[in-house]
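Keep in mind it's a predicted model, so treat the numbers as computed, not measured. By convention in this document, chain letters (A, B, ...) are assigned in the order of the sequence lines, proteins followed by strands, and residues within each chain are numbered from 1. Only this structure's heavy atoms are used, side chains among them; waters, hydrogens and symmetry mates stay out.
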Protein chains: 4
Amino acid sequence: MVRMPAVNSQPRRARSGNQRDEAARLAVLHAADDLLVEHGFAKLTIEAIAREAGVAKQTIYRWWPSKVEILLDTLIEDSEKRFAVPADKSSVDGIRGYFRGYARFVTRDPAGKVLLALIAEAQHNPETAKSLHDRYLGPRRELERALLARGIEAGEVSTELDLDAAIDAVVGPIVYRALTGASVPRALVDALFDGQLKP
Amino acid sequence: MVRMPAVNSQPRRARSGNQRDEAARLAVLHAADDLLVEHGFAKLTIEAIAREAGVAKQTIYRWWPSKVEILLDTLIEDSEKRFAVPADKSSVDGIRGYFRGYARFVTRDPAGKVLLALIAEAQHNPETAKSLHDRYLGPRRELERALLARGIEAGEVSTELDLDAAIDAVVGPIVYRALTGASVPRALVDALFDGQLKP
Amino acid sequence: MVRMPAVNSQPRRARSGNQRDEAARLAVLHAADDLLVEHGFAKLTIEAIAREAGVAKQTIYRWWPSKVEILLDTLIEDSEKRFAVPADKSSVDGIRGYFRGYARFVTRDPAGKVLLALIAEAQHNPETAKSLHDRYLGPRRELERALLARGIEAGEVSTELDLDAAIDAVVGPIVYRALTGASVPRALVDALFDGQLKP
Amino acid sequence: MVRMPAVNSQPRRARSGNQRDEAARLAVLHAADDLLVEHGFAKLTIEAIAREAGVAKQTIYRWWPSKVEILLDTLIEDSEKRFAVPADKSSVDGIRGYFRGYARFVTRDPAGKVLLALIAEAQHNPETAKSLHDRYLGPRRELERALLARGIEAGEVSTELDLDAAIDAVVGPIVYRALTGASVPRALVDALFDGQLKP
DNA sequence: GTATAACCGAGACGGTACGTCCGGTCTTCCA
DNA sequence: TGGAAGACCGGACGTACCGTCTCGGTTATAC
């Protein structure tokens, strides 16, 4: 899905002077997303994003310290939309549904590529690792722990592991198979879930 | 462990003219390893390897199509030494020991960083993904499947999943926690193992 | 002589709303002058002037088409103060004194650096050349020609060249030596003067 | 006179490996010269030179510390060809001829623009000033002094000034008029010459 | 009195060029 | 023929300014 860089349908809302240009912000996020999905992380350069978004390089550097932060912005927005951690549920089905959504996200949703790319980049770059944890993995894990805690308290699930380990026992195989290009069928998610969080 | 780039103790055995220079090959492998461990993948450039190894760039390009293949060479050598897949055993303890070794390798052995870096780089680059599977993950998985198959046949272990899924159920969390900087205590490995491969 | 950019002793007289802010105008001229003298023309950017003057870039662009015009403004003001072309005299001493003043200005007066910089910039940029001639060199030369003409008419000086050539015969070496970093001692001015405008 | 960047008549002599590529060197010098003459110093950027010469920027930076040194290289070569300081003559006519050649060079020869541009740039940049003196003005002035000294010793010319001042008295007006866009007719050169170096 | 218009500081924006780094190719010369 | 050396073209990096623009606020003049 390529967006035309120059001419937009509504001719780019008059720039807002002193304030940040929301159109430019969105153009950058979309360009980064598109480029990652279509050409991969290796081709994802700041110059390419600027070109694709029809934006000056300086505009990118003004607002993001690195391309990783751009991807994090899109990831945070997208994953909230596509597989939010349920904030209220505590039923087995609700929790299992969450992990199914996780598997779907990282294996089939284009936005899931962003997460895999960031986990990868975190291996190459400590600052990426820190940002990824501080802005994405950490907060999300917090919600996941709360979800599980509610489920346990409600007697819907149980585990012999600590919460983090239990989550990793399900999420780990999902992510690992996504990273190695293997599929993650729903039945596998369910088996992993039942193996560690049996009622 | 830094190696001196230029001057070696014994002034580099007279070059062998016609045949491949084994000293150069080793110097490249060690330089790549050192640089990865000390400065990370991001700083691991062909030029840096050549500099560190005291070798011409052309010599590297002559023998390796990319830096990824260099790392694969070191990874294959190292992981065979440090945690080979047992080719004969089929006892529970033998299999469990293998997974314990896996966890130790990726979380505590410097050579384990190479594996994590290659899994990461495979996300950025399809050719890396192919090489990593063809030369490392694939063959290794073959041996792991055989190991498990022997264990099952001997009645030492059992699983309701197919062999690959069962292995991923144990290896996945280990690798995922290594990738995200979490520890992988022996007790966790054992719990994962017991969860999916109970006798 | 550095001026404080931000906070002035008397907190910048309340802005004059509708009318041009004289304080801003002076701040720009002084900033340009200071920056040229202290850091050279290469560092004299519109942004630096704005920064140093505590003024918005737009305020500069509103009143001056380029930094060259700013320098011309300061040059015209300064050189009128420091070595005005005598409008009345016609004695040998008066005329000789003018050329001595010229030499002093371009070799020892900081404001003289502005003239040299503008002559230089005129080589790089035709618009600068035009402005420099129209606003400075032309009018000034007009006065110099008149000065000489009065001297000749009064029998105080004489030359075999046309007026412009005679002036250039004296001014040329002065400026050339200033441009090449050589000194221009008073005795040299006198010798040049006597050589072309002997009584 | 634009040179085609890509396809040359003789298809760019096979690059010479370890040694400096003479074709690239010449392409850079010519490109710089062409761009200066056609578009002026302001448009003379390293990127434009690289583009025009069909050369990588790094190749320029490898051999020249700045574009000024490129121009100095062309200036030194060109001015040796177009108006060398006579190394043997000492006759009045020989010396006068030299100054006539000087005037022709700076007012009518495209290569003369390079000298004017460098004198100009020297006002903006102390390093340019140093290079211009060390590599061009200084050595050349040495030869000019020797030329005059021979003329004086032979009784062909004489002056009351020191040698440098005498040369500046002739060269100064020539250069100043060139800088200000005025013409320098042969008669004016002769008059300047006769005024300071009368026999 | 209030509206209008021009001023001002601030700073975001699309661009261009900077000087550096590395990729991957090529050629020379030596052993 | 292999290897050290390093020049070459290409392209991305992150930074500095360019000149244009709009914002929000102030103040003098016009209605």
- line: Contacts of D:Ser131 meeting side chain to side chain donor-acceptor pair (under 3.5 Å) (sequence neighbours excluded), chain-then-number -> D:Glu69

query: What is the distance from CD of D:Gln19 to C1' of E:dC30, rounded to the nearest Å?
result: 13 Å

field: salt bridge (Lys or Arg N to Asp or Glu O under 4.0 Å) partners of B:Glu127, counting only residues at least two apart
entry: none

field: Atom-pair distance (CD on C:Glu47; P on F:dC17), nearest Å
entry: 7 Å

- request: Only counting residues at least two apart or in another chain, list the ones meeting salt bridge (Lys or Arg N to Asp or Glu O under 4.0 Å) with A:Lys57.
  value: A:Glu47

message: From CZ of C:Arg25 over to P of E:dG9, roughly how many Å is that when rounded to an integer?
response: 14 Å

- prompt: Rounded to whole angstrom units, what separation is found between the CZ atom of B:Arg20 and the C1' atom of F:dG2?
  reply: 11 Å

Please list, one pair per line, the donor and acceptor atoms closer than 3.5 Å that link side chains of residues 59-67 of chain A to other protein atoms, with sequence neighbours excluded.
from    : atom 1 : to      : atom 2 : distance (Å)
A:Trp64 : NE1    : A:Asp73 : OD2    : 2.8
A:Ser66 : OG     : A:Val68 : N      : 3.3
A:Lys67 : NZ     : A:Leu44 : O      : 2.9

- prompt: Which whole-number value in Å describes the distance from A:Ile46 CD1 to F:dG14 P?
  reply: 6 Å

- prompt: Under a 4.0 Å heavy-atom cut-off, which of residues 118-126 of chain A touch DNA chain E?
  reply: none

query: Of the candidate nucleotides E:dG19, E:dT28, E:dG11, which contains the atom at the shortest distance from the side chain of A:Asn18?
result: E:dG11

message: If I take atom CG from residue C:Leu72 and atom CZ from residue C:Arg135, how far apart are they, to the nearest 0.5 angstrom?
response: 5.0 Å

Those residues that, when tested against B:Gln123, pass side chain to side chain donor-acceptor pair (under 3.5 Å) (two or more places apart): none

- request: Give every residue pair that meets the salt bridge (Lys or Arg N to Asp or Glu O under 4.0 Å) criterion with at least one member in residues 24-33 of chain C, sequence neighbours excluded.
  value: C:Glu22-C:Arg25, C:Arg25-C:Glu77

Partner residues of C:Lys43 under the salt bridge (Lys or Arg N to Asp or Glu O under 4.0 Å) criterion, sequence neighbours left out: none

message: Using whole Å, what does the distance between atom C1' of nucleotide E:dG23 and atom CZ of B:Arg51 come to?
response: 13 Å

query: Does a side-chain heavy-atom distance below 4.5 Å link C:Tyr136 with C:Leu75?
result: yes

Value in whole Å for how far the P atom of E:dC8 lies from CD of C:Glu22: 11 Å

- prompt: Taking CD1 from B:Ile49 and P from E:dG24, how many angstroms apart are they, rounded to a whole number?
  reply: 11 Å

task: Could you list by number each residue of residues 56-75 of chain A showing a heavy-atom separation from DNA chain E of less than 4.0 Å, or answer none if no residue does?
output: A:Ala56, A:Gln58, A:Thr59, A:Arg62, A:Trp63

